[in-house]
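Before I ask anything, here is the structure I am working with.
Chain naming here is simple, since letters A, B, ... match the order of the sequence lines and numbering starts at 1 in each. Computed from a predicted model, the values in this text were never measured in an experiment.
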Number of protein chains: 2
Amino acid sequence: MGIFNKLSFKDQAFKLREDAILDAATRMLASKGFDLMTMDDVALEVGISKPSLYKHFKSKEDLVGEALIRLIDGAIEHLGQMPATLTPLQRLSDLLEWALRVRLGGGLPFLPSTSAHVRDMLTRNLRYVARVLKLHQQLKALVRQAKAAGQLDAALPDDVILFSYYARTCDPSVDYLRLYSQLDDEAIVASMLRVCFDGLR
Amino acid sequence: MGIFNKLSFKDQAFKLREDAILDAATRMLASKGFDLMTMDDVALEVGISKPSLYKHFKSKEDLVGEALIRLIDGAIEHLGQMPATLTPLQRLSDLLEWALRVRLGGGLPFLPSTSAHVRDMLTRNLRYVARVLKLHQQLKALVRQAKAAGQLDAALPDDVILFSYYARTCDPSVDYLRLYSQLDDEAIVASMLRVCFDGLR
DNA sequence: GTCTATATAAGGATAGAC
DNA sequence: GTCTATCCTTATATAGAC
């Protein structure tokens with residue numbers, strides 16, 4: 001029994017450290033991007049050595065994949081927690097707002113991959129692809145409901161709406177507005193939502 | 001006199017090769033992005049050796065900067081050639097359409113820098129910054145005219161409109177639509193324009 | 001000015017001691 | 001399981017011959 005408790009404690013500590021690693025990786029991905037995030041940096045930030053890091057994640061690709069899976073799961077969870085009273089369009093808007101706030105708070109956008117390298121890497125990560133597909137199906141259903149209710153432009157193909165929607169979560173204008181405009185985070189979120197659904201006109 | 005002609009010929013050949021290098025770099029930046037574009041690849045594609053490549057451009061950053069300057073100049077030139085009859089909004093729409101077609105044809109988006117690394121690099125390139133600023137001023141004037149004429153949402157700050165506009169030229173949804181939707185290039189351009197100015201609603 | 005050959009540096013990944 | 005020390009590959013950049 002004592003042995004089992006001891007193992008359990010170890011496992012708990014292991015799990016805690018794993019979360020710390022994922023947190024650090026997420027922060028660094030958000031600030032520096034995939035290519036400039038080094039395993040040395042992550043290990044240093046967490047306060048462990050590189051070989052220890054590799055005991056948790058067998059490669060950099062694996063680590064990044066897990067961080068993104070956690071993010072997608074957060075989005076799915078946020079979708080599931082929404083009050084039943086919201087319309088499909090309100091759900092889409094609410095999730096985008098959530099994603100923008102996560103990002104402005106130092107987190108990651110989903111669809112972080114404007115780079116073909118990262119995109120290909122993620123495509124080979126079957127667990128990641130499965131999660132993204134699950135989220136994609138839920139969002140596709142919302143888009144169809146919103147279109148049927150006249151809340152989204154029915155002349156636009158589903159794919160166009162969905163990919164444009166994803167693209168807004170990783171829109172570089174957020175970074176530029178933060179750098180070069182006087183808007184605070186609240187105003188940035190509000191502007192992005194308005195531009196997304198109502199356009200520039 | 002003969003010597004001067006000879007030098008002139010050499011210079012011409014040098015200039016031609018320089019254009020070939022920039023063409024190759026542009027194609028590779030568009031397809032692989034900054035980090036995966038190697039100087040070896042560029043030299044190989046042009047058919048010269050790496051040291052020769054470094055006779056033309058003193059660094060990878062320099063080469064990429066020149067390629068992007070050429071691109072921005074193309075945009076400025078396209079703006080200048082527009083018929084005088086176009087309204088400010090039509091000019092903005094026309095330039096975005098041009099940028100999207102350039103990109104779909106294997107070229108580059110301006111504002112290629114969703115990566116902080118590339119963005120910082122370009123910020124240090126004063127010649128590039130100067131060109132971008134020139135284009136930015138022209139577009140800002142167009143945005144203000146369009147707003148005054150009621151052709152753009154006056155409730156949106158200029159910065160929001162401008163950065164969102166730039167972001168549409170490098171929108172990752174273009175890549176995803178090409179990969180995963182049935183739309184041809186014409187339909188993609190039309191959809192992107194509609195989404196940009198009228199939103200998803 | 002062009003090449004072959006090489007210096008140099010960064011970073012992903014691991015061997016082996018404890 | 002954790003560390004120190006190291007390997008190995010890749011890619012930028014250059015030295016030096018012709």
Side-chain angles (χ1 to χ4, degrees), chain A residues 3-22 24-25 28-29 31-67 115-118 120-122 124-125, chain B residues 3-22 24-25 28-29 31-67 115-118 120-122 124-125:
Chain A
I3 282 182
F4 289 103
N5 278 336
K6 199 172 180 185
L7 284 176
S8 177
F9 276 128
K10 266 193 176 176
D11 285 350
Q12 277 188 351
F14 198 82
K15 183 74 176 68
L16 279 179
R17 176 131 72 175
E18 202 149 288
D19 280 335
I21 295 171
L22 287 174
M28 303 188 59
L29 278 174
S31 61
K32 315 170 75 170
F34 177 79
D35 294 292
L36 266 63
M37 178 196 102
T38 72
M39 296 299 264
D40 293 85
D41 288 340
V42 174
L44 191 72
E45 177 130 341
V46 178
I48 61 177
S49 69
K50 200 157 50 162
S52 301
L53 178 53
Y54 274 91
K55 295 287 181 186
H56 289 265
F57 301 95
K58 72 174 193 301
S59 68
K60 183 180 178 183
E61 299 201 354
D62 184 38
L63 169 57
V64 171
E66 293 302 319
S115 132
H117 178 197
V118 178
D120 292 350
M121 175 191 92
L122 293 173
R124 289 191 303 271
N125 186 329
Chain B
I3 282 180
F4 289 105
N5 278 336
K6 197 172 178 185
L7 284 175
S8 179
F9 277 128
K10 266 194 176 174
D11 285 350
Q12 277 190 350
F14 199 82
K15 183 76 175 66
L16 279 179
R17 176 130 73 177
E18 202 149 288
D19 280 335
I21 295 171
L22 286 174
M28 304 188 58
L29 278 174
S31 61
K32 315 169 75 168
F34 178 80
D35 294 292
L36 266 63
M37 179 197 101
T38 71
M39 297 298 263
D40 293 84
D41 288 340
V42 174
L44 191 71
E45 177 131 342
V46 178
I48 60 176
S49 70
K50 202 159 45 165
S52 300
L53 177 53
Y54 275 90
K55 294 287 180 188
H56 289 265
F57 301 95
K58 72 175 193 300
S59 69
K60 182 180 177 182
E61 299 200 354
D62 184 39
L63 169 57
V64 171
E66 292 302 319
S115 133
H117 178 198
V118 179
D120 292 349
M121 175 190 92
L122 293 174
R124 289 190 303 271
N125 185 328

Looking just at side-chain N and O atoms, do A:T38 and A:D41 make a donor-acceptor pair shorter than 3.5 Å?
-> yes
Calculate the interatomic distance between B:D41 atom CG and D:dT10 atom P; express it in whole Å.
-> 12 Å
Please tell me which of A:K58 and A:D40 maps to the more 5' nucleotide of DNA chain C, matching each residue to the nucleotide holding its nearest heavy atom.
->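 Whichever sits nearer the 5' end wins; that is A:D40.
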Does the side chain of A:S52 get closer than 4.0 angstrom to OP1 or OP2 of D:dG1 through an N or O atom?
->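 For A:S52, the contact criterion (side-chain N or O under 4.0 Å from OP1 or OP2 of D:dG1) is not met.
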Closest listed nucleotide, where the reference is the side chain of A:S59 and the choices are C:dA13, C:dG11, D:dA5 | C:dA13
Aromatic ring pairing B:F14/B:H56, orientation class (parallel under 30°, perpendicular over 60°, tilted between) |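 Geometry flag for B:H56 against B:F14: parallel rings.
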Can A:V42 and A:M28 be said to form a side-chain contact (heavy atoms from CB on, under 4.5 Å), step by step?
-> CA-CA 8 Å; A:V42 174; A:M28 303 188 59; 3.9 Å; yes
Sugar-phosphate, base or nothing in reach of A:K55, heavy atoms under 4.0 Å |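 If one applies the 4.0 Å heavy-atom cut-off, A:K55 turns out to touch a base.
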Spacing of B:I48 atom CD1 relative to C:dT4 atom C1', expressed in whole Å | 15 Å
Please determine if B:R124 and B:D120 form a salt bridge, counting it only when a charged side-chain N lies under 4.0 Å from a carboxylate O.
->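 No salt bridge links B:R124 with B:D120.
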Given atom CZ of A:F57 and atom P of C:dT14, what is their separation to the nearest angstrom?
-> 15 Å
Spacing of B:L36 atom CG relative to D:dT9 atom C1', expressed in whole Å | 15 Å
Looking at D:dT12, C:dG1, C:dT14, which one has an atom nearest to any side-chain atom of A:P51?
->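 The nucleotide sitting nearest to the side chain is C:dT14.
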Record whether the side chain of A:K50 comes under 3.5 Å of the base of C:dG12 through a donor-acceptor pair of N or O atoms.
->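 Looking at the base of C:dG12, it does pair with a donor or acceptor on the side chain of A:K50 (distance under 3.5 Å).
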Can you tell me the distance, in whole Å, between the OH atom of B:Y54 and the C1' atom of D:dT14?
->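 Roughly 9 Å, once rounded to whole Å.
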Whole-Å distance between D:dT10 P and B:D35 CG?
-> 16 Å
When the distance from CE of A:M121 to P of C:dG12 is rounded to whole Å, what number comes out?
-> 12 Å
Starting at atom CG of B:L63, determine the distance to atom P of D:dA11, rounded to an integer number of angstrom.
-> 16 Å
Side-chain touch A:L22/A:E66, heavy atoms, less than 4.5 angstrom | yes
Out of C:dA5, C:dT14, D:dT12, which has the shortest distance to the side chain of B:K60?
->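 That would be D:dT12.
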With a 4.0 Å cut-off on heavy atoms, is A:S49 in touch with a base, just the backbone sugar-phosphate, or nothing at all?
->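 A:S49: base contact, heavy atoms under 4.0 Å.
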